[in-house]
Structures are given as C-alpha cells and as structure tokens.
Amino acid sequence: VLHSSSKDIVDIEMYAYSKKDQSENIFSAFLPNGRIMFRGKVYKDGDIASFYISERQKNILAIMFQLPNKSVSVGDTWSVDFNIIHMDQNFICDEFKQENKVKFVSIEKDEGDRIAVLDYDLLNSVIGTYDSHYGVFIDDSTEINIQAKFTGTAKFNIDKGKWQFFEGILSIKSQGFPLIQDQKQIFKLEELKEFPDQLQ
C-alpha cells in the first residue's frame with residue numbers, strides 16, 4: 001500500500017494477505033491477514049528515504065520501489081541499493097562479484113500513456129572460507145560459496161507515475177556450513193481494484 005506522507009515522501013506498507021480460504025492456509029496461524037510485514041519510505045524523486053530499516057527490508061524496497069533520482073533515457077542504466085549477502089569478520093573472501101544494473105530498455109504506448117520498460121539484473125556472489133577457530137563446526141578448508149541473483153522485468157507508467165507491471169525472481173544458492181540452501185522467491189506487483197476487507 002502506497003500513500004503520500006508529505007509532499008516529498010511516499011510511505012510504503014506491506015501486509016500479509018491470502019486470497020485463499022484461511023482454513024486452507026497452513027501459514028494463517030503465523031501470518032494472519034492484516035498483519036503488517038514491512039514499512040519503508042521513498043522520496044518522490046526515487047531515492048530510498050528510510051535509511052534506518054534492516055538490509056533485508058531495504059533490499060525489498062530497492063528492488064520494487066527505488067527509481068533513478070535523475071532524468072533517464074532509453075538505453076541508460078543505473079543501480080539500486082541491493083546488497084543481500086552479509087558476512088562477518090570470520091569469513092575470508094577469496095572471490096567476490098557484484099553486478100547491479102537496471103536498464104531502460106524501451107518506451108511503449110498504452111492508451112496514450114508512455115510506458116517505460118525496465119530490465120533488472122542484480123547479482124551478489126562470494127567464495128571463501130571461515131576462520132579456522134570455527135573448526136568445531138567446519139573444516140577451514142571447506143569452501144563457502146554463496147550467490148544471490150535477481151532478474152526481472154518491469155513497466156512503469158510515466159504519465160500516471162506508477163508501476164503497470166513488475167515481476168522478477170530472487171534466487172539464492174549457497175554451499176558450505178552453516179549455509180546450505182537453494183531457494184527462489186517471486187516478487188510481483190499487482191494493482192488491486194478494491195482494497196481487501198481483511199486489511200481494512
């Protein structure tokens with residue numbers, strides 16, 4: 001849910017909401033409809049305002065709502081505040097790679113409105129080992145390999161100042177103790193014609 005809190009700032013709130021019958025939703029006991037999951041702020045020029053939120057929540061804000069704070073044209077690229085891998089001082093990094101690119105691909109027309117088509121290509125990747133004093137849990141020769149990647153396509157209505165389409169996939173793969181996972185999460189924005197009663 002987006003709404004203006006001042007002339008310069010847009011407040012963004014995210015709520016848990018299931019379209020299915022609650023009796024069929026195994027997560028309903030943990031995430032009841034109407035529970036707020038996220039709060040953040042962006043300036044109307046596109047930059048993130050809520051510097052104080054956690055990195056995990058800032059990543060959501062950056063992926064779905066951060067826009068360039070200057071004029072851009074077709075073919076231009078820019079970065080967003082995407083930083084999903086966080087290691088402490090015990091991690092010895094041997095290789096790292098970061099790609100952070102949003103590209104203004106083209107302009108389409110829809111019922112007279114100008115629609116900016118954007119492609120997202122974001123990557124965080126590290127390879128290394130943990131300090132040997134963690135030997136109780138992990139051999140210091142064990143390789144830690146973590147990769148987080150977001151790819152997506154979005155369409156922004158320039159004339160109405162809002163997203164018309166947004167969909168992407170965040171994939172995280174990691175090997176080595178204590179992180180062993182392979183997961184994907186879909187990020188999608190869909191405009192609701194009516195606000196759900198459960199969230200009133």
Test side-chain contact (heavy atoms from CB on, under 4.5 Å) on L118 and V105; report intermediate values, then the result.
CA-CA 6 Å; L118 312 178; V105 178; 6.0 Å; no
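- How far CD1 of I127 is from CD of Q175: 9.5 Å, rounded to the nearest 0.5 Å.
- Between the side chains of E55 and N83, no donor-acceptor pair is found at a separation under 3.5 Å.
- With hydrogens and angles left out, the side-chain atoms of K58 and S50 include no donor and acceptor closer than 3.5 Å.
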Would you sort out whether I12 and K41 count as a side-chain contact (heavy atoms from CB on, under 4.5 Å), showing the intermediate values?
CA-CA 6 Å; I12 299 167; K41 297 176 183 287; over 6 Å; no
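- Between K149 and E99 there is no salt bridge, since no side-chain nitrogen of the basic residue lies less than 4.0 Å from a carboxylate oxygen of the acidic one.
- With hydrogens and angles left out, the side-chain atoms of D45 and N69 include no donor and acceptor closer than 3.5 Å.
- The residues E95 and K97 are annotated as not salt-bridged, no charged nitrogen and carboxylate oxygen being separated by less than 4.0 angstrom.
- A pairwise comparison of heavy atoms in F150 and L170 identifies CD1-N, 3.8 Å as the closest pair.
- If you check the side chains of D11 and S5, you find a donor sitting under 3.5 Å from an acceptor.
- Salt bridge annotation for D8-K44: absent, with no cationic side-chain nitrogen under 4.0 angstrom from a carboxylate oxygen.
- F166 has its ring centre less than 6.0 Å from the ring centre of Y120.
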Intermediate values then yes/no, side-chain contact (heavy atoms from CB on, under 4.5 Å), Y43 and V10
CA-CA 6 Å; Y43 292 110; V10 176; over 6 Å; no
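- Without hydrogens or angle criteria, N124 side chain to I84 main chain gives a donor-acceptor distance under 3.5 Å.
- Heavy atoms of other residues, nucleotides or ligands lying less than 6.0 angstrom from OH of Y52 number more than 12.
- With respect to the salt-bridge test (charged N to carboxylate O, under 4.0 angstrom), the residues K160 and D113 qualify.
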Start with the C-alpha gap between I107 and V74, add the side-chain angles, then the distance that decides, and say whether side-chain contact (heavy atoms from CB on, under 4.5 Å) holds.
CA-CA 7 Å; I107 292 181; V74 173; 3.9 Å; yes
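- The two residues W78 and D76 make their nearest non-hydrogen contact at CZ3-O, 3.9 Å.
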